[in-house]
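Fair warning: this is a prediction, and the values are worked out from it, not measured in the lab.
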Amino acid sequence: MNRIVVVSKKQIRTWTIVVIMAIGTAGAAWYWGHSGGGSSETSIPVGKINEALKAVTGNSSGTVKTANTAANESAKGRTISIVTTEFKSTGPDGKPIEVYRWDPGTIHVKPGELIHLSIFGVNGASHPFVIEGLNIKDEVKKGKETIVTFKAEKTGTYRIICQTHPDLAHNGPMVGYIVVDS
(Lines give C-alpha, C1' and ligand atoms only; values in the text may rest on other atoms or scores of the structure.)
Protein backbone atom coordinates (compact mmCIF):
# COMPACT_ATOMS: atom_id res chain seq x y z
CA MET A 1 0.00 0.00 0.00
CA ASN A 2 1.48 3.32 -1.07
CA ARG A 3 1.13 6.48 0.98
CA ILE A 4 1.44 9.99 -0.26
CA VAL A 5 2.89 12.43 2.25
CA VAL A 6 2.35 16.13 1.67
CA VAL A 7 4.91 18.42 3.26
CA SER A 8 4.44 22.17 3.22
CA LYS A 9 7.21 24.73 2.70
CA LYS A 10 6.65 25.93 6.26
CA GLN A 11 7.29 22.42 7.63
CA ILE A 12 10.46 22.14 5.55
CA ARG A 13 11.71 25.51 6.84
CA THR A 14 10.92 24.56 10.44
CA TRP A 15 12.73 21.22 10.21
CA THR A 16 15.67 22.85 8.41
CA ILE A 17 16.03 25.37 11.24
CA VAL A 18 15.80 22.60 13.86
CA VAL A 19 18.48 20.56 12.10
CA ILE A 20 20.78 23.58 11.65
CA MET A 21 20.40 24.50 15.34
CA ALA A 22 21.15 20.91 16.40
CA ILE A 23 24.25 20.78 14.19
CA GLY A 24 25.36 24.19 15.45
CA THR A 25 24.90 23.17 19.07
CA ALA A 26 26.78 19.92 18.55
CA GLY A 27 29.56 21.75 16.71
CA ALA A 28 29.86 24.38 19.42
CA ALA A 29 29.99 21.71 22.11
CA TRP A 30 32.66 19.80 20.18
CA TYR A 31 34.68 22.98 19.59
CA TRP A 32 34.44 24.01 23.25
CA GLY A 33 35.57 20.56 24.40
CA HIS A 34 38.48 20.37 21.96
CA SER A 35 39.73 23.93 22.13
CA GLY A 36 40.20 24.25 25.88
CA GLY A 37 37.24 26.61 26.15
CA GLY A 38 37.96 28.87 23.19
CA SER A 39 40.81 31.19 22.40
CA SER A 40 42.36 33.25 25.17
CA GLU A 41 41.17 36.40 23.42
CA THR A 42 37.48 35.51 23.65
CA SER A 43 37.18 33.08 26.54
CA ILE A 44 36.39 33.85 30.16
CA PRO A 45 39.39 33.24 32.42
CA VAL A 46 39.02 30.11 34.55
CA GLY A 47 39.51 32.22 37.68
CA LYS A 48 36.44 34.32 36.81
CA ILE A 49 34.38 31.18 36.14
CA ASN A 50 35.45 29.79 39.52
CA GLU A 51 34.55 33.11 41.20
CA ALA A 52 31.09 33.02 39.64
CA LEU A 53 30.65 29.35 40.56
CA LYS A 54 31.80 30.11 44.10
CA ALA A 55 29.27 32.95 44.35
CA VAL A 56 26.45 30.61 43.32
CA THR A 57 27.40 27.37 45.08
CA GLY A 58 29.61 28.60 47.90
CA ASN A 59 32.67 26.79 46.52
CA SER A 60 34.67 26.67 43.31
CA SER A 61 34.21 22.97 42.59
CA GLY A 62 30.42 23.13 42.31
CA THR A 63 30.02 20.22 44.73
CA VAL A 64 27.43 20.12 47.47
CA LYS A 65 28.83 20.64 50.97
CA THR A 66 28.23 18.19 53.80
CA ALA A 67 26.78 19.45 57.07
CA ASN A 68 30.19 19.23 58.81
CA THR A 69 31.93 21.16 56.04
CA ALA A 70 29.24 23.82 56.06
CA ALA A 71 29.50 24.16 59.86
CA ASN A 72 33.29 24.57 59.68
CA GLU A 73 33.00 27.17 56.93
CA SER A 74 30.34 29.02 58.91
CA ALA A 75 32.96 29.81 61.55
CA LYS A 76 35.19 31.26 58.80
CA GLY A 77 32.33 33.23 57.34
CA ARG A 78 30.72 33.33 53.94
CA THR A 79 32.09 35.17 50.92
CA ILE A 80 29.60 36.95 48.69
CA SER A 81 30.84 38.38 45.39
CA ILE A 82 29.41 41.44 43.66
CA VAL A 83 30.67 43.51 40.74
CA THR A 84 30.32 47.04 39.46
CA THR A 85 28.39 47.23 36.18
CA GLU A 86 27.44 49.92 33.71
CA PHE A 87 24.42 50.08 31.45
CA LYS A 88 24.41 52.35 28.39
CA SER A 89 21.63 53.28 26.02
CA THR A 90 20.45 56.14 23.86
CA GLY A 91 17.44 58.23 24.74
CA PRO A 92 14.70 59.19 22.28
CA ASP A 93 16.50 62.51 21.78
CA GLY A 94 19.67 60.69 20.68
CA LYS A 95 21.60 61.59 23.84
CA PRO A 96 23.53 58.81 25.56
CA ILE A 97 22.18 57.47 28.85
CA GLU A 98 24.35 55.53 31.27
CA VAL A 99 23.93 54.27 34.78
CA TYR A 100 26.17 52.33 37.16
CA ARG A 101 24.90 49.47 39.36
CA TRP A 102 26.03 46.83 41.85
CA ASP A 103 25.41 43.31 40.57
CA PRO A 104 23.70 41.57 42.21
CA GLY A 105 21.86 44.57 43.59
CA THR A 106 20.46 42.75 46.64
CA ILE A 107 22.06 40.13 48.86
CA HIS A 108 20.51 38.27 51.79
CA VAL A 109 22.37 37.36 54.98
CA LYS A 110 21.41 36.00 58.37
CA PRO A 111 21.71 38.05 61.57
CA GLY A 112 25.17 37.60 63.14
CA GLU A 113 26.56 35.81 60.07
CA LEU A 114 30.19 36.65 59.28
CA ILE A 115 30.25 38.01 55.71
CA HIS A 116 33.22 38.73 53.48
CA LEU A 117 31.86 41.00 50.74
CA SER A 118 34.14 40.70 47.70
CA ILE A 119 33.55 43.59 45.29
CA PHE A 120 35.26 43.49 41.89
CA GLY A 121 35.50 46.64 39.78
CA VAL A 122 34.41 45.90 36.22
CA ASN A 123 33.05 49.23 34.99
CA GLY A 124 33.91 52.74 36.14
CA ALA A 125 37.33 53.92 37.29
CA SER A 126 36.52 54.28 40.99
CA HIS A 127 33.53 53.74 43.27
CA PRO A 128 34.04 55.03 46.82
CA PHE A 129 31.17 53.59 48.85
CA VAL A 130 29.59 53.43 52.28
CA ILE A 131 27.39 50.76 53.81
CA GLU A 132 24.87 52.61 55.93
CA GLY A 133 24.35 51.24 59.42
CA LEU A 134 27.47 49.04 59.37
CA ASN A 135 30.08 51.80 59.70
CA ILE A 136 31.88 50.63 56.52
CA LYS A 137 33.55 53.01 54.10
CA ASP A 138 35.87 51.86 51.30
CA GLU A 139 36.54 52.10 47.57
CA VAL A 140 36.55 49.68 44.65
CA LYS A 141 38.64 50.43 41.55
CA LYS A 142 38.39 49.05 38.02
CA GLY A 143 40.20 45.71 37.69
CA LYS A 144 40.70 45.43 41.46
CA GLU A 145 38.99 43.48 44.22
CA THR A 146 37.97 45.12 47.48
CA ILE A 147 36.94 42.90 50.40
CA VAL A 148 35.02 44.21 53.40
CA THR A 149 34.07 41.99 56.33
CA PHE A 150 31.10 42.53 58.61
CA LYS A 151 28.48 40.98 60.88
CA ALA A 152 25.05 42.58 60.76
CA GLU A 153 23.48 41.74 64.11
CA LYS A 154 20.14 43.50 63.57
CA THR A 155 17.57 42.50 60.95
CA GLY A 156 16.80 45.12 58.36
CA THR A 157 18.04 46.54 55.08
CA TYR A 158 21.44 48.19 54.78
CA ARG A 159 22.22 50.29 51.69
CA ILE A 160 25.53 50.12 49.79
CA ILE A 161 25.85 53.60 48.29
CA CYS A 162 28.45 54.65 45.73
CA GLN A 163 29.42 58.21 46.57
CA THR A 164 30.40 58.96 42.94
CA HIS A 165 26.99 57.88 41.57
CA PRO A 166 24.47 58.68 44.34
CA ASP A 167 21.64 59.90 42.09
CA LEU A 168 20.35 60.21 38.52
CA ALA A 169 22.30 63.43 37.95
CA HIS A 170 25.52 61.45 38.56
CA ASN A 171 24.70 58.33 36.46
CA GLY A 172 23.06 56.53 39.34
CA PRO A 173 21.70 55.83 41.77
CA MET A 174 24.30 53.15 42.35
CA VAL A 175 22.69 51.66 45.42
CA GLY A 176 22.74 48.02 46.51
CA TYR A 177 20.97 46.36 49.41
CA ILE A 178 22.09 43.97 52.11
CA VAL A 179 18.95 42.40 53.56
CA VAL A 180 19.43 40.83 56.98
CA ASP A 181 16.66 38.38 57.72
CA SER A 182 16.26 34.99 59.36
Okay, side chain of R101, backbone of G172: is any donor-acceptor separation there less than 3.5 Å? no
Quick one: does any side-chain atom of T149 pair with a main-chain N or O of H116 as donor and acceptor, under 3.5 Å? no
Apply the test side chain to side chain contact (heavy atoms under 4.5 Å, CB included) to residues E98 and F87: give CA-CA distance (whole Å), side-chain angles for both, the deciding distance (0.1 Å), then the verdict. CA-CA 5 Å; E98 72 179 27; F87 294 96; over 6 Å; no
Rounded to the nearest 0.5 Å, how far does [atom2] of [Y] lie from [atom1] of [X]?
X: I147; Y: I115; atom1: CD1; atom2: CD1; answer: 13.0 Å
X: I178; Y: E132; atom1: CD1; atom2: CD; answer: 11.0 Å
X: I131; Y: Y177; atom1: CD1; atom2: OH; answer: 13.5 Å
X: T90; Y: K95; atom1: OG1; atom2: NZ; answer: 12.5 Å
X: T79; Y: L114; atom1: OG1; atom2: CG; answer: 8.5 Å

Using the side chain to side chain contact (heavy atoms under 4.5 Å, CB included) rule, take Q163 and V130 through it: C-alpha gap first, then chi angles, then the decisive distance, then the call. CA-CA 7 Å; Q163 296 174 319; V130 296; 3.3 Å; yes
Please report the closest heavy-atom contact between [X] and [Y], naming both atoms and the distance.
X: P173; Y: P166; answer: CB-O, 3.4 Å
X: W102; Y: M174; answer: NE1-O, 3.3 Å
X: P104; Y: S81; answer: CD-O, 3.7 Å
X: V180; Y: A152; answer: CG2-CB, 3.4 Å

Single-linkage hydrophobic cluster V175~L117, side-chain heavy atoms < 4.5 angstrom: no
Is there a path of hydrophobic side-chain contacts, each under 4.5 Å between heavy atoms of I/L/V/M/F/W/Y residues, joining I107 to I161? no
Looking at side-chain heavy atoms only, is the closest gap between [X] and [Y] below 4.5 Å?
X: D103; Y: V122; answer: no
X: T84; Y: F120; answer: no
X: H108; Y: D181; answer: yes
X: N171; Y: E86; answer: no
X: V148; Y: F129; answer: yes

Scan the side chains in residues 133-141 for donor-acceptor partners under 3.5 Å anywhere in the protein, sequence neighbours excluded, and list what turns up.
residue	atom	partner	partner atom	Å
E139	OE2	S126	OG	2.6

Restricting to ring pair (Phe, Tyr, Trp, His ring centres under 6.0 Å), what partner residues turn up for Y100, sequence neighbours left out? H127, H165
